[in-house]
Amino acid sequence: MSVRVRFAPSPTGYLHVGGLRTALYNYLFARRHGGVCILRLEDTDRTRLVEGAMEKLIESLAACGIEFDESPLKPGNHGPYIQSERLDLYKTHAEKLHQSGKAYFAFDTAEELQAMRERRQEQEGGGGYDRKKMRNEITLGAEATQKLIADGADHVLRLLVPENDTVEFEDVVRGRISVRSGDIDDQVLLKSDGFPTYHLANVVDDHLMEITHIIRGEEWLPSTAKHILLYDAFGWEAPRMAHLPLLLNPDRSKLSKRQGDVAVEDYLSKGYLPEALVNFVALLGYNPTGDREVYSMQEMIDLFDLSKVNKAGAVFDLQKLDWMNFEYLKNLDPQRAARELMPAVRAAGYDVDADYVARCFALLRERLRFTADLLTVGDYMFADPREFEEKFRKKHWKDNTAELVQPFVEQLRRAETFDHESLHKLAEAYTAEHEIGFGKLMNPIRLMLTGKGAGAGMFETMELLGRDTCMRRIDAFLGSLA
RNA sequence: GGUCCGUUGGUCUAGUGGUUAGGACACCGCUCUUUCACAGCGGCAGCACGGGUUCGAGUCCCGUACGGACUACCA
């Protein structure tokens with residue numbers, strides 16, 4: 001049987017980084033095994049609909065290189081792929097469950113349920129839905145139940161959980177898990193608005209869509225027993241389960257908005273490269289080899305092994321993300337960087353072309369954290385410096401510096417060629433002749449040309465800037481001293 | 001409270017009975033050097049605890065502690 005997996009987010013309006021990892025593992029697993037990866041939208045909560053959420057989700061996923069074989073935008077043979085368009089399916093399956101005596105109707109109000117919970121908490125130290133004491137098909141009988149429904153009473157359908165049973169299943173990452181059925185609540189399957197709950201919709205869809213492996217976050221582990229019960233009730237075989245460890249805040253609680261960014265789009269708009277984010281997130285709770293950190297998508301696919309996924313949650317460490325991003329930044333194609341930078345370059349009013357920006361990026365990339373830093377870290381590549389760092393100036397510009405540098409400046413003005421190699425030779429000859437250290441000459445030049453004490457090699461910088469710009473800046477600086 | 005799950009340096013991890021417990025981030029130091037970076041080299045630091053099983057346990061079993069998730073007509 002060929003592998004079919006799905007990523008099934010609810011449309012909250014953004015893609016959570018934890019969701020990104022879940023989607024990624026599903027994608028990797030499918031690709032690794034020549035299977036199919038499906039995107040299904042779980043929008044059964046009508047109170048939490050967000051406009052345009054699906055498009056955003058798909059966009060973020062696509063930006064990270066995750067594409068689906070079947071999705072709402074690319075239907076296959078198992079559609080529809082949006083749960084709100086599958087209501088009839090849930091209804092007919094719920095009916096089957098009711099007819100076979102595996103589920104029953106209930107009429108309790110929210111207040112009654114609340115009161116019941118408080119009572120059980122106090123008197124019995126907890127417990128789920130008390131089916132023998134509440135208003136439902138079991139206490140009321142079939143006839144009264146039918147009449148109530150016919151009269152239009154609000155009702156839900158609940159799963160009749162067997163009393164003395166043990167639910168067991170094998171999780172790919174956690175091994176055998178077993179739960180006593182007595183500890184499982186009579187879960188609501190159909191809500192009073194006619195929509196299914198997650199549990200029903202999920203099970204019905206996974207079966208109908210012929211999902212072979214459910215790969216999802218650990219927060220679903222406690223619900224899985226309920227789902228197994230549902231598969232049993234339908235007489236279906238359950239897919240293989242794999243519950244991924246949670247992504248954690250630094251304080252080891254579940255990764256949340258309160259403690260930082262959780263949306264993929266937040267990271268992308270801050271300038272993290274999607275490849276880096278994906279690589280980073282892939283290694284949270286998993287490492288295919290243990291002695292490497294950087295993997296291309298193809299390598300991750302080739303090496304992916306679900307059984308190697310860790311059991312413990314992993315802290316989302318921004319410092320390591322930064323490092324990972326830098327690893328990708330160092331190898332980023334300068335032309336691509338330039339392309340992404342051009343709008344900002346134009347907006348800043350700099351009259352340079354993409355090729356120049358690309359060369360600047362190649363020169364300065366090792367001093368950037370994000371691509372966009374080029375415009376600040378390397379501002380002097382685009383405009384003459386207006387300010388000169390006081391500390392650097394004090395340290396490298398002494399009373400006799402102008403005098404010492406003057407002849408070299410004239411050599412620069414007349415130099416036959418202005419490429420970095422000949423400039424380097426020129427400077428070497430000059431410092432040798434005047435018996436001064438290299439820094440004595442180059443630091444003042446750096447100051448005059450860039451205004452700051454941090455930057456790429458001076459000769460490469462000068463070559464890129466060009467002679468006219470260099471001389472203009474030097475003359476301006478020297479002129480301002482008088 | 002109950003149920004379930006987890007626990008290798010500060011963080012991410014490799015490790016499936018015999019290793020001087022490996023790698024990475026961060027941190028510290030050194031080297032390189034025209035600045036800042038990069039790079040290279042070195043250092044700090046770990047198997048939660050207690051019992052078993054075994055000739056031998058980070059690895060297997062039990063317990064304890066700690067942590068987390070779940071406990072909705074949300075997903």
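Every heavy atom of this structure was used, including side-chain atoms; hydrogens, water molecules and symmetry mates were not. Numbered from 1 within each chain, the chains take letters A, B, ... in sequence-line order.
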*Which part of the nucleic acid, if any, lies within contact of A:Gly453, taking any heavy atom under 4.0 Å across all strands shown: a base, the sugar-phosphate backbone alone, or nothing?*
base
_It should be established whether A:Thr197 places a side-chain nitrogen or oxygen under 4.0 Å from OP1 or OP2 of nucleotide B:A72._
no
*Which nucleotide, in any strand shown, forms a Watson-Crick or G-U wobble pair with B:U11, with both distances under 3.5 Å?*
B:A24
_Distance in angstrom units between A:Lys440 NZ and B:U35 P, rounded_ = 13 Å
*Rounded distance (Å) that lies between atom P of B:G23 and atom CZ of A:Arg292*: 17 Å
*Name the residue closer to the 5' end of RNA chain B, choosing between A:Val179 and A:Glu219 according to the nucleotide with the nearest heavy atom.*
A:Val179
*In whole Å, what is the span from the CE atom of A:Met442 to the C1' atom of B:U35?*
10 Å
_Row check, A:Tyr25 ring normal vs A:Arg21 NZ/CZ: under 6.0 Å, within 45°_ = yes
*Which whole number of Å gives the distance between the P atom of B:U59 and that of B:A75?*
42 Å
*So, is A:Arg252 close to the B:U11 phosphate, meaning a side-chain N or O under 4.0 Å from OP1 or OP2?*
yes
*With sugar-phosphate meaning primed atoms plus P, OP1 and OP2, does A:Arg117 contact a base, only sugar-phosphate, or nothing at under 4.0 Å between heavy atoms?*
sugar-phosphate
_Within the structure provided, determine whether A:Tyr198 and A:Asp45 are in side-chain contact (heavy-atom separation under 4.5 Å)._
no
*Using atom P of each nucleotide, how far apart are B:C66 and B:A26 to the nearest Å?*
34 Å
*Could you check how far NE2 of A:His243 sits from C1' of B:C70, rounded to whole Å?*
11 Å
_Expressed as a whole number of angstroms, how long is the span from A:Leu303:CG to B:A14:P?_
14 Å
*Nearest-Å distance, CZ (A:Phe169) to P (B:C4)?*
11 Å
_Categorize A:Ala456 for me: base, sugar-phosphate, or nothing, with a 4.0 angstrom heavy-atom threshold over every strand shown._
base
*Look at the side chain of A:Glu403 and the backbone N and O of A:Asn400, then say whether any donor-acceptor pair between them is shorter than 3.5 Å.*
no
*Take atom C1' in B:U11 and the same atom in B:U31, then report the distance between them in whole Å.*
28 Å
*Which base, if any, makes a Watson-Crick or G-U wobble pair with B:G63, both distances under 3.5 Å?*
B:C49
*When you measure from the side chain of A:Ala454, which nucleotide among B:C36, B:C73, B:U34 comes out closest?*
B:C36
*Flag, side chain of A:Asn249 to backbone of A:Ser256, donor-acceptor distance under 3.5 Å*: yes
*asked:* Strictly below 4.0 Å: does A:Lys254 bring a side-chain N or O up to OP1 or OP2 of B:C70?
replied: yes
*Starting from P on B:A72, measure out to CE on A:Met134 and report it in whole angstrom.*
13 Å
*Look at all strands and tell whether A:Phe316 reaches a base, only sugar-phosphate, or nothing, counting heavy atoms closer than 4.0 Å.*
nothing
*If you measure from the C1' atom in B:A57 to the same atom in B:C49, how many Å do you get, rounded?*
15 Å
_Mind checking if A:Gly128 touches a base, just sugar-phosphate, or nothing, with heavy atoms under 4.0 Å?_
nothing
*asked:* What's A:Arg174 touching, base or sugar-phosphate or nothing? Going by heavy atoms closer than 4.0 Å.
replied: sugar-phosphate
*asked:* Mind checking if A:Ser178 touches a base, just sugar-phosphate, or nothing, with heavy atoms under 4.0 Å?
replied: sugar-phosphate
*asked:* Given A:Asp186, which partner from the list A:Arg158, A:Lys132, A:Arg131 fulfils the salt bridge (Lys or Arg N to Asp or Glu O under 4.0 Å) test?
replied: A:Arg131
*What interatomic distance, in whole Å, is found between P of B:U8 and the corresponding atom of B:C12?*
8 Å
_Sugar-phosphate, base or nothing in reach of A:Val315, heavy atoms under 4.0 Å_ = sugar-phosphate
*Grab the CD1-C1' distance between A:Ile177 and B:U3 for me, whole Å please.*
12 Å
*By salt bridge (charged side-chain N to carboxylate O under 4.0 Å, His left out), which residues pair with A:Arg369, not counting sequence neighbours?*
A:Asp322
*Between the base of B:C73 and the side chain of A:Ser192, is there any donor-acceptor pair under 3.5 Å?*
yes
*Base-pairing mate for B:U34 - Watson-Crick or G-U, with both contacts under 3.5 Å*: none
*So does A:Lys308 get a side-chain nitrogen or oxygen closer than 4.0 Å to the phosphate oxygens (OP1/OP2) of B:U13?*
no
*So what does A:Arg158 touch, heavy atoms closer than 4.0 Å: a base, only the sugar-phosphate, or nothing?*
sugar-phosphate
*Whole-angstrom distance between B:C61 and B:A24, as gauged at atom C1'*: 33 Å
*State, to 0.1 Å, how close A:His213 and A:Val5 come at their nearest heavy-atom pair, and which atoms those are.*
O-CG1, 3.6 Å
*Go through B:U34, B:G1, B:C25 for me and flag the one nearest to the A:Gln121 side chain.*
B:G1
*Are any of A:Asn310's side-chain N or O atoms less than 4.0 Å away from OP1 or OP2 of B:C12?*
no
*Between B:C74, B:C25, B:U34, spot the one nearest the side chain of A:Arg48, thanks.*
B:C74
*Would you say B:G23 has OP1 or OP2 under 4.0 Å from some side-chain N or O of A:Asn287?*
no
*Contact class for A:Glu293 (heavy atom, under 4.0 Å): base, sugar-phosphate, or nothing?*
base
*asked:* Working to the nearest 0.5 angstrom, can you tell me the gap between A:Thr461 OG1 and A:Leu363 CG?
replied: 5.0 Å
*Kindly say whether, by distance alone, the side chain of A:Lys320 makes a donor-acceptor pair under 3.5 Å with the base of B:A26?*
no
_For a quick check of understanding: with a heavy-atom distance under 4.0 Å over all strands, which category does A:Lys452 fall into, base, sugar-phosphate or nothing?_
nothing
*asked:* Say we look at B:A14 and B:G46: how far apart would their C1' atoms be, to the nearest angstrom?
replied: 13 Å
*asked:* Looking at B:G58, which nucleotide sits across from it as a Watson-Crick or G-U wobble partner, both distances under 3.5 angstrom, or is there none?
replied: none
*Nucleotide forming a Watson-Crick or wobble pair with B:U19, both distances under 3.5 Å*: none
_What's A:Phe326 touching, base or sugar-phosphate or nothing? Going by heavy atoms closer than 4.0 Å._
sugar-phosphate
_Considering every strand and a 4.0 Å limit on heavy-atom distances, what is the contact class for A:Thr47: base, sugar-phosphate, or nothing?_
nothing
*Can you tell me the Watson-Crick or wobble partner of B:U3, both distances under 3.5 angstrom?*
B:A69
*Mind checking whether A:Leu160 and A:Lys102 have side chains closer than 4.5 Å, heavy atoms only?*
no
*The side chain of A:Phe392 lies closest to which of these nucleotides: B:A69, B:U35, B:C38?*
B:U35
_Separation between the C1' atoms of B:U16 and B:G22, rounded to whole Å_ = 16 Å
_If you compare every side-chain N and O of A:Lys191 against the phosphate oxygens of B:C74 (OP1, OP2), does one of them come in below 4.0 Å?_
yes
_Quick check on RNA chain B: between A:Asp154 and A:Gly455, whose nearest nucleotide comes earlier from the 5' end?_
A:Gly455
